[in-house]
Amino acid sequence: MLPALTPTTEFFWTSGADGRLRILRCADCGRFVHPPGPVCRWCLSPNVAPTVVSGRGSVFTFTVNVQQWSERLSEPYVVAIVELEEEPGLRLLTNIVECAPDAVAIGMPVEVSFEAAEDVFLPRFRPAS
Ligand code: ZN
């Protein structure tokens, strides 16, 4: 199942159209805000806007799924929380791809790799080159 696009989240799910990852950033306190919301989660400012980030980070934690919950997914696959290099605590729930599940490790450097699916670009992460 693909994510539903809303005015708040559309930029995030379509950002990969140009191969770049975008995260909301607050113009007042400078911190990143994820998941996207109408105001900054740190200072409650409404001055948040999508900002291009490096797409680089590291595996914060992960698990390997062996149950095929969807026809789109072929098990086993890795569900991970990746922390982006821009800010401590800036984390995304994602998948690790282009890597054997047994080779994934906490702290492993990764970079974004988009998977186009209908009108969205799913941000996944692969081992950093
Ligand atoms: Zn703020």
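Given the structure is predicted, the values throughout are model-derived calculations rather than measurements. Just so you know, these numbers use all the heavy atoms, side chains as well, and skip hydrogens, waters and symmetry mates. Along the sequence shown, residues are numbered consecutively beginning with 1.
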Separation of T94 OG1 from I81 CD1 (nearest 0.5 Å) = 10.5 Å
request  = Using distance alone, with no hydrogens and no angle criterion, decide if E98 and S113 have a side-chain donor and acceptor under 3.5 Å apart.
outcome  = yes
ask   = When you look at L2 and W13, which way does the side chain to side chain contact (heavy atoms under 4.5 Å, CB included) test go after all the steps?
value = CA-CA 10 Å; L2 295 172; W13 296 115; over 6 Å; no
inquiry  = Under the criterion side chain to side chain contact (heavy atoms under 4.5 Å, CB included), I'd like the reasoning laid out for L84 against R91: C-alpha separation, chi angles, the key distance, then a yes or no.
reply    = CA-CA 6 Å; L84 299 180; R91 298 173 189 151; over 6 Å; no
request  = Would you kindly say whether E83 and S58 are connected by a side-chain donor-acceptor distance under 3.5 Å?
outcome  = no
request  = Determine, using the 4.5 Å side-chain heavy-atom cutoff (strictly less than), whether V110 and F62 are members of one ILVMFWY cluster.
outcome  = yes
ask   = Tell me, do P46 and P38 make a side-chain contact under 4.5 Å, heavy atoms counted?
value = no
Within-4.5 Å side-chain heavy-atom neighbours: V78 and V59 = no
key: For C43 against D28, the heavy-atom pair lying closest together   = SG-CB, 4.4 Å
Step-by-step salt bridge (charged side-chain N to carboxylate O under 4.0 Å, His left out) determination, R56 to E85 = CA-CA 6 Å; R56 292 189 298 271; E85 68 177 13; 3.0 Å; yes
request  = Apply side chain to side chain contact (heavy atoms under 4.5 Å, CB included) to Q67 and E75, showing your working.
outcome  = CA-CA 6 Å; Q67 170 71 43; E75 75 283 3; over 6 Å; no
request  = Decide yes or no for L93 and V79: does some side-chain heavy atom of the first lie under 4.5 Å from some side-chain heavy atom of the second?
outcome  = yes
message = Is there a side-chain contact between M108 and C99 in this structure, where contact means two heavy atoms from C-beta onward sitting under 4.5 Å apart?
response = yes
message = Test of understanding: clusters of I, L, V, M, F, W, Y form through side-chain heavy atoms closer than 4.5 Å, transitively. Do F125 and V64 belong to the same one?
response = yes
Cation over ring face, R22 and F11, 6.0 Å, 45° = no
task = Report yes or no: do T51 and R25 form a side-chain donor-acceptor pair below 3.5 Å?
result = no
inquiry  = Working to the nearest 0.5 angstrom, can you tell me the gap between L24 CG and F32 CZ?
reply    = 10.0 Å
ask   = So, N95 and Y77: side-chain donor and acceptor under 3.5 Å apart, yes or no?
value = no
Shortest non-hydrogen separation from V66 to P76 and the atoms involved = CG1-CB, 4.1 Å
query = Can you hop from V82 to V104 via hydrophobic side chains spaced under 4.5 Å?
reply = yes
task = Applying salt bridge (Lys or Arg N to Asp or Glu O under 4.0 Å), name anything that partners R31, two or more places apart in sequence or on another chain.
result = E87
request  = Take the angle between the ring planes of F12 and H34 and call it parallel below 30°, perpendicular above 60°, tilted in between.
outcome  = tilted
ask   = Under a 4.5 Å side-chain heavy-atom rule over Ile, Leu, Val, Met, Phe, Trp and Tyr, are V97 and L92 clustered together?
value = no
Side chain to side chain, E86 and I23, heavy atoms closer than 4.5 Å = no
Report, one line per pair, each donor and acceptor closer than 3.5 Å where one atom sits in a side chain of residues 3-10; sequence neighbours left out.
{"unit_1": "T6", "atom_1": "OG1", "unit_2": "T8", "atom_2": "N", "d": "3.3"}
{"unit_1": "T6", "atom_1": "OG1", "unit_2": "T9", "atom_2": "N", "d": "3.1"}
{"unit_1": "T6", "atom_1": "OG1", "unit_2": "T9", "atom_2": "OG1", "d": "3.0"}
{"unit_1": "T9", "atom_1": "OG1", "unit_2": "T6", "atom_2": "N", "d": "3.2"}

task = Grab the two heavy atoms, one from L122 and one from A117, that are nearest each other, plus how far apart they are.
result = CD1-CB, 4.4 Å
query = Going through the checks in order, is the side chain to side chain contact (heavy atoms under 4.5 Å, CB included) test met by S45 and C29?
reply = CA-CA 8 Å; S45 166; C29 75; over 6 Å; no
Side-chain heavy atoms of P123 within contact of S15, under 4.5 Å = no
